[in-house]
Amino acid sequence: KMPVEIEKIQKKTLPVVILRGQVAFPGLPLTLELSSAGTIESCLFADEHDSEIFIVGHDEPIHDLDIGTLYKTGTVAVINQLIKLPDGNLRVVIEGISRGRAADYVKNGEKLFAEVMVKSVYAEVGVLASDARLHVLSLFEELCRFIPRVSREMIEDMKNIDDVLVLIDGVASNALF
């Protein structure tokens, strides 16, 4: 039986949070410590306006940022917790909710916004998706024998993820060295 998928595409204008050295995935929480003025302003704006944020990666330092060098694909996320630290930095706990693709970036003062195309996929899990989940788990357990830093608890947590797409993102985020 093939899984049945329903796609919904929405265009949203979202404040941008730029990451270096970290990756955000849909369905997985992530704690960030932010120090860039623009990124802090974007998070504070999102928190004040109960808005989602668009998390995107960048390879270079974000001082004197060239918007044209930002990746287009990122993660739409919600802010679960926001703490202002004494040193001026911001600690933010976010959770990715879906993937997104930036059509355009616009700077507004210190804040950066993106016109994001958000694709939500709803799936009715069928036999093939269930088989794929078991296969991904098997490959992850095999990979973990070669990565000593992955705990047994992490492997057990992965086994409790039912959605095969969330599981794949979880495996990818824990297989990074």
Side-chain angles (χ1 to χ4, degrees), residues 1-12 14-34 39 42-43 46-47 50-59 70-83 90-103 114-177:
K1 179 180 176 184
M2 293 292 292
V4 176
E5 292 185 351
I6 301 168
E7 291 184 1
K8 180 181 176 186
I9 298 177
Q10 293 178 295
K11 185 177 181 182
K12 298 181 177 183
L14 300 174
V16 176
V17 173
I18 302 168
L19 294 185
R20 285 192 58 214
Q22 287 182 296
V23 180
F25 291 101
L28 299 175
L30 180 65
T31 301
L32 308 171
E33 186 160 332
L34 307 173
T39 299
S42 291
C43 278
D47 190 52
D50 199 28
S51 171
E52 297 164 340
I53 56 175
F54 184 59
I55 300 173
V56 65
H58 194 259
D59 293 331
L70 289 174
Y71 292 122
K72 296 289 186 186
T73 302
T75 302
V76 176
V78 293
I79 296 174
N80 289 337
Q81 185 179 37
L82 185 139
I83 301 170
L90 201 62
R91 182 165 297 139
V92 182
V93 178
I94 60 102
E95 184 170 350
I97 54 175
S98 66
R99 288 184 176 84
R101 181 152 180 84
E115 292 291 325
V116 182
M117 301 304 289
V118 181
K119 181 166 87 170
S120 302
V121 178
Y122 305 93
E124 178 184 301
V125 178
V127 175
L128 290 180
S130 178
D131 290 346
R133 180 186 165 280
L134 292 174
H135 185 66
V136 169
L137 279 173
S138 171
L139 291 173
F140 180 64
E141 286 179 318
E142 186 176 326
L143 177 65
C144 287
R145 287 189 271 154
F146 302 103
I147 304 173
R149 66 182 182 95
V150 178
S151 68
R152 291 298 313 153
E153 291 83 18
M154 178 60 67
I155 295 170
E156 292 304 314
D157 287 346
M158 291 295 171
K159 288 180 180 178
N160 291 325
I161 298 174
D162 293 326
D163 185 327
V164 70
L165 298 176
V166 173
L167 176 62
I168 290 169
D169 287 340
V171 168
S173 67
N174 286 290
L176 298 175
F177 293 78

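Since the structure is predicted, the reported quantities are computational estimates derived from the model, not experimental observations.
- Considering Val16, Leu14, Ile79 in turn, Ile79 is the only one that fulfils the side chain to side chain contact (heavy atoms under 4.5 Å, CB included) rule with Ile53.
- Of all the heavy atoms in Val78 and Glu52, the pair that sits closest is CG1-CG, 4.1 Å.
- Under the rule for a side-chain hydrogen bond (donor to acceptor under 3.5 Å, both in side chains), the partners of Glu153 that lie at least two apart in sequence or sit in another chain are Ser151.
- Listed here is the closest heavy atom pair of Ala77 and Gly96: CB-CA, 3.9 Å.
- Separating the CD atom in Gln81 from the CG atom in Asp47 is a distance of 10.5 Å, to the nearest 0.5 Å.
- Closest approach of Gly100 to Val116, counting heavy atoms only: CA-CG1, 3.9 Å.
- Separating the NZ atom in Lys12 from the OG atom in Ser98 is a distance of 6.5 Å, to the nearest 0.5 Å.
- In this structure, Met117 CE and Ile9 CD1 are separated by 6.0 Å, a value rounded to the nearest 0.5 Å.
- Heavy atoms from other residues, nucleotides or ligands lying under 6.0 Å from CG of Asp50 number 12 at most.
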Return a table of donor-acceptor pairs under 3.5 angstrom between the side chains of residues 21-34 and protein atoms on other chains or two or more places apart.
{"unit_1": "Glu33", "atom_1": "OE1", "unit_2": "Arg91", "atom_2": "NH2", "d": "3.0"}
{"unit_1": "Glu33", "atom_1": "OE2", "unit_2": "Asn89", "atom_2": "ND2", "d": "3.4"}

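- Residues passing the salt bridge (Lys or Arg N to Asp or Glu O under 4.0 Å) test with Lys159 are Glu141, Glu156, sequence neighbours excluded.
- Between the CD1 atom of Ile168 and the CG atom of Leu137 there is a distance of 10.0 Å, given to the nearest 0.5 Å.
- Note that the CG atom of Leu19 and the CD1 atom of Ile94 stand 7.5 Å from one another [nearest 0.5 Å].
- Of all heavy-atom pairs between Phe54 and Ala114, the closest is CD2-CB, 4.0 Å.
- For the atom pair CD1 (Ile55) and OG (Ser42), the distance works out to 11.5 Å, reported to the nearest 0.5 Å.
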